[in-house]
Amino acid sequence: MKIIGTGSELPKKIVTNDMLSEFLDTSDAWIYPRTGIRQRHVISDEKLEDLAISAAKKALDNAGIQAEDLDYIICSNVVNEYITPSLSCIIQGGIGATCPCLDINCACAGFIYALDVADSHFKSGKVKNVLIVCAEEPSRMTSWKDRNVCVLFGDGAGAAVVSEGEGVKGIKLSAASSTDKLYQIRTLEPTPYITKEEHSESLQMKGQDVFKFAVKASSGDIKYLLDTLGMSADEVDHYLLHQANIRIINSIKDFLGQPEDKFPTNVENHGNSSSASCPILLDECNRKGLLKKGDILALSAFGAGFISGAAIIEW
Ligand code: UT7
């Protein structure tokens, strides 16, 4: 399969580090050097499904195909206002498609996992065009009183249309259960029979553990793929990495021994938008004309689980 179109949509509200310091014990002087983040887009009066639908329509338009040409929709999402129906079903209705659809929750690695699901459908000969939409609102998972976590995230949606072709050279997925390092829990509806203790907690994170995992997993996934494909890091034109922290990106860059200009970033403007991060970056690079036909792209992401994934793609 190959990627034939991309799209993205961001909430209009921009929250700068200085705005955060008006109600949190934090500052741009702390946030920027430690994360590379200057600002993030945060949902206010929008609904996540509307951002997702808009990103999907832009990707279809960029691909030059119609919603009725789609054979499958895969949506990566951790949380949104609906428990059910799935976000992919809402997107299907919003764009006027009629194909089957599926939601996956693979945290920040959702785009790579979605590519892998799509790849399996292509290999089984079931589909010709698949829409992947990653839509996330982590700003609704964090406590806005917790400076350790809320400063890191932003909301948004990124989408890609994949079609028959030879673009995807390899995908590597990993998972290593470690559920106490990055999690959020919430209580469900009460019943007369619940006797266990339950409570809700906003997104909790052991930042340094996540940092170490991220660098190791992402570097390892990319190295594994390069070795398996008999390629060197030099042969990759663009490394599109999950935009969680510029220091994580720089550590992976140093491990691979590659120059900075191969690592486009948007973490400074968007913060960490979970699984939407990679496809938003891909769309921005695509629309800027940075990606030339035949360029080799390495995508890589990591997140809660822990899970991680990487893909090598010829554009
Ligand atoms: O998609 C995956 C999602 N998560 C990540 O990628 C996160 C990965 N981890 C990280 O990016 C970094 O670990 C952080 C940016 C979260 C933290 O950076 P750090 O250099 O590891 O800082 P730290 O956790 O060691 O905290 C240093 C200090 C602490 O104060 P004390 O205990 O030394 O007095 C924190 O309380 O910084 C304090 N701190 C803050 N101060 C001002 C933590 N957050 C803030 C803040 N503003 N926002």
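Every number for a ligand or one of its atoms is a count from 1 in the order of the listing. Not measured: the values here are computed from a predicted model.
Under the ring-ring contact (aromatic ring centres under 6.0 Å, His included) criterion, Y72 pairs with H121, not counting sequence neighbours.
Under a 4.0 Å criterion applied to the non-hydrogen atoms of T35, ligand 1 contributes the atoms 15 (C). Using a 4.0 Å cut-off to heavy atoms of A244, the atoms of ligand 1 that qualify are 6 (O). Near N245, meaning under 4.0 Å from one of its heavy atoms, ligand 1 places the atoms 10 (C), 11 (O), 15 (C). Near V151, meaning under 4.0 Å from one of its heavy atoms, ligand 1 places the atoms 48 (N). Every atom of ligand 1 is numbered from 1 in the order shown, and the set under 4.0 Å from a heavy atom of I248 is 6 (O).
Among all protein heavy atoms, the one lying closest to atom 5 (C) of ligand 1 is V210 CG1, 3.6 Å. Here the heavy atom of the protein found nearest to atom 24 (O) of ligand 1 is Q208 NE2, 4.0 Å. Nearest protein heavy-atom contact of atom 9 (N) of ligand 1 is G207 O, 2.9 Å.
Protein heavy atoms are found inside the 4.0 Å sphere centred on atom 7 (C) of ligand 1. Less than 4.0 angstrom separates atom 41 (N) of ligand 1 from at least one non-hydrogen atom of the protein. For atom 31 (P) of ligand 1, no protein heavy-atom neighbour is found at a distance under 4.0 Å.
Between H41 and H270, the angle of the ring planes goes over 60°, which puts this pair in the perpendicular group of the 30/60° scheme.
Contacts between T26 and ligand 1 below 4.0 angstrom, taking non-hydrogen atoms only, involve backbone and side chain alike. Within the 4.0 Å heavy-atom criterion, both parts of N148, backbone and side chain, lie near ligand 1. Contact annotation: for N272 versus ligand 1, heavy atoms closer than 4.0 Å belong to the side chain alone.
S163 and N129 share a donor-acceptor pair across their side chains, judged by distance under 3.5 Å alone.
Checking only distances, M205 never comes within under 3.5 Å of ligand 1, N or O to N or O. At least one N or O atom of W30, backbone or side chain, sits closer than 3.5 Å to an N or O atom of ligand 1. At least one N or O atom of H242 sits closer than 3.5 Å to an N or O atom of ligand 1.
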Could you go through residues 289-302 and list every donor-acceptor pair under 3.5 Å that involves a side-chain atom there, pairing it with any protein atom two or more places apart or in another chain?
| unit_1 | atom_1 | unit_2 | atom_2 | d |
| --- | --- | --- | --- | --- |
| K292 | NZ | G289 | O | 2.5 |
| D295 | OD2 | H238 | NE2 | 2.8 |
| D295 | OD2 | K292 | N | 2.9 |
| S300 | OG | S218 | OG | 2.4 |

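Between C108 and ligand 1 there is a heavy-atom distance shorter than 4.0 Å.
Contact check on D61 versus K57 returns no salt bridge, with no Lys/Arg side-chain nitrogen under 4.0 Å from an Asp/Glu carboxylate oxygen. Salt bridge present: D180 and K206 bring a charged side-chain N and a carboxylate O closer than 4.0 Å. Ionic pairing of K169 and E314 is present here: one or more N-O contacts between side-chain nitrogen and carboxylate oxygen are shorter than 4.0 angstrom. Taking the charged nitrogens against the carboxylate oxygens, K12 and D45 do have a contact shorter than 4.0 Å, which makes a salt bridge.
With respect to E136, the side-chain hydrogen bond (donor to acceptor under 3.5 Å, both in side chains) criterion is satisfied by exactly one of S273, S275, S277: S275. Of the listed residues (D18, T16, N269, D28), just one forms a side-chain hydrogen bond (donor to acceptor under 3.5 Å, both in side chains) with R38, and that residue is D28.
Neither I313 nor L131 shares a network with the other; the hydrophobic side chains, linked directly or stepwise wherever heavy atoms of I, L, V, M, F, W or Y lie under 4.5 Å apart, form separate groups for each.
Here the side chains of L226 and V236 are in contact, with some heavy-atom distance below 4.5 Å.
For atom 19 (P) of ligand 1, the choice among R34, R147, K206 with the nearest heavy atom turns out to be R34.
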